[in-house]
Amino acid sequence: MSFSLETMLHALKVASVYIPTTLFIAFVSLFIGGIFGLLIALVRLYNIKILSSIFKFIITILKGIPIVLIILGTFLLSSQFFNPLAKSLGWRITFKDVNMITIAVLALSIMATIQLSEIFRGTLASIKKGQYDAAKSIGLTTFQTIRRILIPLAFPVALPMISNLLINLIKASSLASMVAVVDIFAAAKISANQNYRFLEAYVAVAIIYWALNFLIEKSSNFLENSLNRKLRRSFQ
Amino acid sequence: MNMVEIADVHKSFGTNKILKGIDLVVKKGEVVCILGPSGSGKTTFLRCLNFLERADSGQILLGDSRVRFAQATKKEVRAIRLKTAMVFQGYELFMHKTALQNVVEGLVIPRKIAKQEANEIGMAMLGKVGMSDKADAYPSQLSGGQQQRVGIARAMALDPDLMLFDEPTSALDPELVGEVLETMKRLAFEGRTMIVVTHEMQFAYEVADKVIFMENGVVVEKGTPDQIFNHSKEDRTKAFLSRLSFDSIKKVV
């Protein structure tokens, strides 16, 4: 089996055009997952009746399902139910008009929500009870306590896990090609289909993913260090 | 004038009765010290007054607010919290905020005082506890005694009608206890109304207007420091104090 550097570089060029697609899918999913994950973690932290057990149940179920199945399931379910739903809401679009990137984002958002809710739950639980007492005693409301005390304390602790999740999301986004999204991985495969040079294409894809994740890890380390300097001893 | 009237506070955790009917009247400017062995309910009593724990029954009159613990609404709880301030055994400064930010947090957010004015109050309070030069330090950069002094400044800044101290020196190295007690003494002489749970007998003897000895969720004995320390009527109080070898302290005083 020969390896053509030239073909690899060509695949690299073709695939890197789709870096923005991959990043878009990963970051938007992380953002959506961050919002819902935090809400779920807070509901469970404050043990809000009914809602708390519902979330616990859903998360237990979804946590055990491979991301491939979540992507395919999201695709299947939305292809079945989108048209009737759109019709009943009076939208003038059908499933064919939906950008498949939306489906990928939806699926990865579910993954991000589950993971982030668990990450936030753990970090919120690690905050000492005394910090809540102090917040209450100076007169902060629950909402003010969450915004001014809990989130700023929890975020630096959660950061390494969040950046890990972002790396996982970027890698998982390669599965979006299964629902016909053209991302880095899909683009490389398409270019390989023209000349059957799959090895070169896969190496190119690996290099791009590796470079992206290397950058993410480095910037997260940098952010972590600057945040932790003042928090060094906060979780004794 | 009675600043605070607390009547018949009961509190249980599960089947474990912690407080079995505590009454306490504090006049404006008075310092009340609560003594007692661990597990006697002193800390729980203090936490009930700040609504950090919800008492099962009883009531509190503080200034013009009269609140029944069991039925208190969110608004009433907040009203009491805004009139009281607590100093904790473990300091409990907000770890992600500087000393000054810790002190002004309770002014800017819950009490809606303008930031600049709050900062002026904050610096004045840090000055009172001798921490002006550490205003920009984070708690992790301060010693235990310094953290507790910031904790006291944070409570003072709220200008509370009633200050609650929950064993403020118990977590400190022996050589750091003095600076915190000095700060509290100055507050007492300034005329602050304070309830102090403490094991510092000498502080209680010198500073308190009224001393309460608690055990097993009831008040065993109350009186002036002289009555409690020198002419105690209850055997239990005598036994507790003798074990702390108070005699050696009296000589110093």
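Chain naming here is simple, since letters A, B, ... match the order of the sequence lines and numbering starts at 1 in each. Because the structure is a prediction, the values reported are computed rather than measured.
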Task: Residues Arg68(B) and Glu76(B) bridged, charged N to O under 4.0 Å - done: no
Open item on the list: With a 4.5 angstrom heavy-atom cut-off, is it the side chain or the backbone of Gln89(B) that approaches chain A, or both, or neither?
Closed with: neither
TODO: Answer yes when Lys128(B) and Glu190(B) have at least one side-chain N-carboxylate O distance shorter than 4.0 Å, and no when they do not.
DONE: yes
- [ ] Name the region of Phe88(B), side chain, backbone, both or neither, that has any atom closer than 4.5 Å to a heavy atom of chain A.
- [x] side chain
List the atom pairs, with distances to 0.1 Å, where a side-chain N or O of residues 108-115 of chain B and a protein N or O form a donor-acceptor pair under 3.5 Å, not counting sequence neighbours.
unit_1    : atom_1 : unit_2    : atom_2 : d
Arg111(B) : NH1    : Ile138(A) : O      : 2.9
Arg111(B) : NH1    : Gly106(B) : O      : 2.8
Arg111(B) : NH2    : Leu82(B)  : O      : 3.3
Lys112(B) : NZ     : Ile109(B) : O      : 3.3

Task: Thr84(B), part contacting chain A, at a heavy-atom distance under 4.5 Å - done: backbone
Open item on the list: Between the side chains of Arg47(B) and Asp133(A), is the shortest nitrogen-to-carboxylate-oxygen separation below 4.0 Å, so that they form an ion pair?
Closed with: yes
Open item on the list: Shorter than 4.5 Å, heavy atoms on both sides: which option in Met86(B), Lys74(B), Arg78(B) has the most such pairs with chain A?
Closed with: Arg78(B)
Donor-acceptor list for residues 102-109 of chain A side chains, cut-off 3.5 Å, not counting sequence neighbours:
unit_1    : atom_1 : unit_2    : atom_2 : d
Thr102(A) : OG1    : Asn99(A)  : O      : 2.9
Ser109(A) : OG     : Val105(A) : O      : 2.6

Task: Lys97(B) portion near chain A, given a 4.5 angstrom heavy-atom threshold - done: side chain
Task: Under 4.5 Å from a heavy atom of chain A, the part of Ile80(B) involved - done: neither
